[in-house]
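Only one structure is covered here, and it is reproduced in the block below.
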Amino acid sequence: MKVLVFGGTGFIGNRVLRKLLDRGHDVAAFDINPALPAYDQDFQSRVQILRGDITLMDDVVEAMLTVKPDHVLNLAYLMGAGDPHLGVRLNVLGMDNCFEAARLCGIQRVVYASSLTVYGEQLNFGERPVVEADFRHGKGLYAASKIYNEHQAEWYSAAYGMQITGLRAAHVTGWDKVRGSTDHVKCITEPARGKPVEFPFRDAMRLPIHVSDVAEIFSRLVEDDASRHPVYNSGGNGISMGDLAALVTRFVPDSQITFAQETGGRDASSIWLMDNSRWLDEYDYPLPAFEHRVLEMINEVRQDAGLPLIAGESVHA
Ligand SMILES: NC(=O)c1ccc[n+]([C@@H]2O[C@H](COP(=O)([O-])OP(=O)(O)OC[C@H]3O[C@@H](n4cnc5c(N)ncnc54)[C@H](O)[C@@H]3O)[C@@H](O)[C@H]2O)c1
């Protein structure tokens with residue numbers, strides 16, 4: 001199968017490329033930044049990389065006609081709350097260009113990234129896991145764009161019989177993440193480098209999921225010709241920043257993680273309880289234990305910095 005990944009050189013995208021290549025697929029990446037990270041040099045020659053701008057319909061159609069993919073994945077996005085002019089062009093028009101070009105080129109299967117932000121704060125739901133049918137309370141440009149993307153996908157699927165599927169990804173974490181939510185990342189990577197780090201609230205809640213796991217979910221969705229549902233929750237590991245700091249400190253005992261305030265972050269926190277049984281029932285990929293992923297991230301950072309690695313046994317001590 002041939003897969004074209006828009007935003008393919010990004011944080012999640014480059015991991016998806018590797019996974020699809022490992023499973024024997026032909027893979028092409030379309031990105032405004034055509035450079036893969038240095039750690040991907042081993043497979044760069046096996047990926048067709050096209051430099052292009054998803055906000056330009058001509059670029060998108062040309063890429064689809066050049067690559068002739070069987071399936072498409074769209075990860076190109078403006079992370080966080082950015083400039084609305086660029087946000088609308090990239091996040092709304094870019095998604096439309098992707099769906100419309102796929103339709104024009106006869107490509108039925110498109111997968112795209114939605115986000116846990118569509119739900120808004122956990123406070124809207126009390127202490128229960130959200131399910132995909134829950135009301136989308138998300139506010140702000142990023143969440144509104146993701147909600148709008150879901151409507152776009154629904155419309156194209158209904159009007160043209162396309163198989164468009166979205167993943168509501170939680171807080172994706174990984175040692176080299178630099179855009180979007182990064183406090184849960186820095187809480188792991190800064191102590192791993194031996195650096196002090198401070199956060200506003202110990203009780204702020206996060207729902208981290210490791211980037212390898214999100215890449216696995218996207219890969220499985222895009223390999224499939226169709227999914228049973230229009231959107232899936234990724235799930236993740238609900239944890240407070242304080243408990244994450246404690247977990248990191250178990251691995252790196254001299255961690256210097258401080259909080260400006262003990263409380264005040266919980267009510268403003270986005271979703272930390274997310275039901276992913278829809279995903280598990282259909283694709284059977286339970287998430288690996290989060291603490292193993294944390295140790296992996298610590299050691300990736302330490303290897304990069306030339307520091308001694310931390311042994312896994314200490315987790316269970
Ligand atoms: N990282 C997270 O925590 C997270 C959580 C939920 C959902 N998501 C979603 O997953 C998707 C991928 O996120 P990511 O973390 O890999 O982000 P990223 O910023 O690392 O990747 C986005 C990619 O899009 C590319 N891009 C930007 N403008 C472009 C343009 N005009 N044309 C073509 N390419 C362009 C960037 O160069 C980048 O490679 C996004 O839709 C994001 O909203 C991410």
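First listed ligand is number 1; within each ligand, the first listed atom is number 1.
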Ligand 1 contact on L90 by region, counting heavy-atom pairs under 4.0 Å:
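Only the side chain of L90 comes within reach of ligand 1.
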Q) Should the proximity of F6 to ligand 1, defined as any heavy atom under 4.0 Å, be assigned to the side chain, the backbone, both, or neither? A)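 For F6, there is no contact with ligand 1 at all, from either part.
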Worksheet entry | R220 charged N/C atom sitting above Y283 aromatic ring, 6.0 Å / 45° |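 Ring-cation test returns no.
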(Q) Quick check with a 6.0 Å cut-off and a 45 degree axis cone: is K146 positioned over the face of Y77's six-membered ring? (A)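 Yes, K146 sits over the ring of Y77.
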Between [X] and [Y], does at least one N-O distance fall below 4.0 Å, as a salt bridge requires?
{"X": "E127", "Y": "R266", "value": "yes"}
{"X": "D70", "Y": "R109", "value": "no"}
{"X": "R15", "Y": "D176", "value": "yes"}
{"X": "R293", "Y": "D213", "value": "yes"}
{"X": "D26", "Y": "R46", "value": "no"}
{"X": "E216", "Y": "R23", "value": "yes"}
{"X": "R51", "Y": "D31", "value": "no"}

What atoms of ligand 1 come closer than 4.0 angstrom to any heavy atom of [X]?
{"X": "G52", "result": "32 (N), 33 (C)"}
{"X": "G7", "result": "23 (C), 24 (O)"}
{"X": "I54", "result": "30 (C), 31 (N), 32 (N), 33 (C)"}
{"X": "A113", "result": "9 (C), 10 (O), 11 (C), 41 (O)"}
{"X": "R179", "result": "18 (P), 19 (O), 20 (O)"}
{"X": "T9", "result": "39 (O)"}

When you measure from [atom] to every protein heavy atom, which one gives the shortest distance, and what is it?
{"atom": "atom 38 (C) of ligand 1", "answer": "D31 OD2, 3.5 Å"}
{"atom": "atom 34 (N) of ligand 1", "answer": "I32 N, 3.3 Å"}
{"atom": "atom 31 (N) of ligand 1", "answer": "D53 OD1, 2.8 Å"}
{"atom": "atom 41 (O) of ligand 1", "answer": "K146 NZ, 2.9 Å"}
{"atom": "atom 15 (O) of ligand 1", "answer": "F11 CD2, 3.5 Å"}
{"atom": "atom 21 (O) of ligand 1", "answer": "G10 CA, 3.7 Å"}
{"atom": "atom 16 (O) of ligand 1", "answer": "I12 N, 2.9 Å"}
{"atom": "atom 12 (C) of ligand 1", "answer": "L75 O, 3.3 Å"}

* Asked: Between F99 and Y112, is a ring pair (Phe, Tyr, Trp, His ring centres under 6.0 Å) present by the stated rule, with each step listed?
  -> CA-CA 10 Å; F99 294 161; Y112 70 99; 5.8 Å; yes
task = Run the numbers on R168 and E132 for salt bridge (Lys or Arg N to Asp or Glu O under 4.0 Å), then give the verdict.
result = CA-CA 9 Å; R168 290 178 182 164; E132 288 86 347; over 6 Å; no
Is it true that [X] lies under 4.0 Å from ligand 1, counting heavy atoms only?
{"X": "S234", "result": "no"}
{"X": "Y142", "result": "yes"}
{"X": "A170", "result": "yes"}

Residue selection (non-hydrogen contact nearest [atom]) among [options]:
{"atom": "atom 42 (C) of ligand 1", "options": "R168, M79, H171", "value": "M79"}
{"atom": "atom 2 (C) of ligand 1", "options": "R51, K177, M95", "value": "K177"}
{"atom": "atom 7 (C) of ligand 1", "options": "G8, A63, S114, A76", "value": "S114"}

- Query: Are Y148 and L116 linked, directly or through other ILVMFWY residues, by side chains that come within less than 4.5 angstrom of each other?
  - Reply: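 Result: no, two separate clusters.
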Practice problem: Identify whether L244 and F251 are in the same connected component of the hydrophobic contact network (ILVMFWY, side-chain heavy atoms under 4.5 Å). | Solution: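 Looking at the clustering, F251 is in the same group as L244.
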Considering all heavy atoms, the nearest S234-I217 contact
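Answer, listing the atom of S234 first, then I217: O-CD1, 4.1 Å.
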Does an N or O anywhere in A169 fall below 3.5 Å from an N or O of ligand 1?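 So ligand 1 has no N or O lying under 3.5 Å from an N or O of A169.
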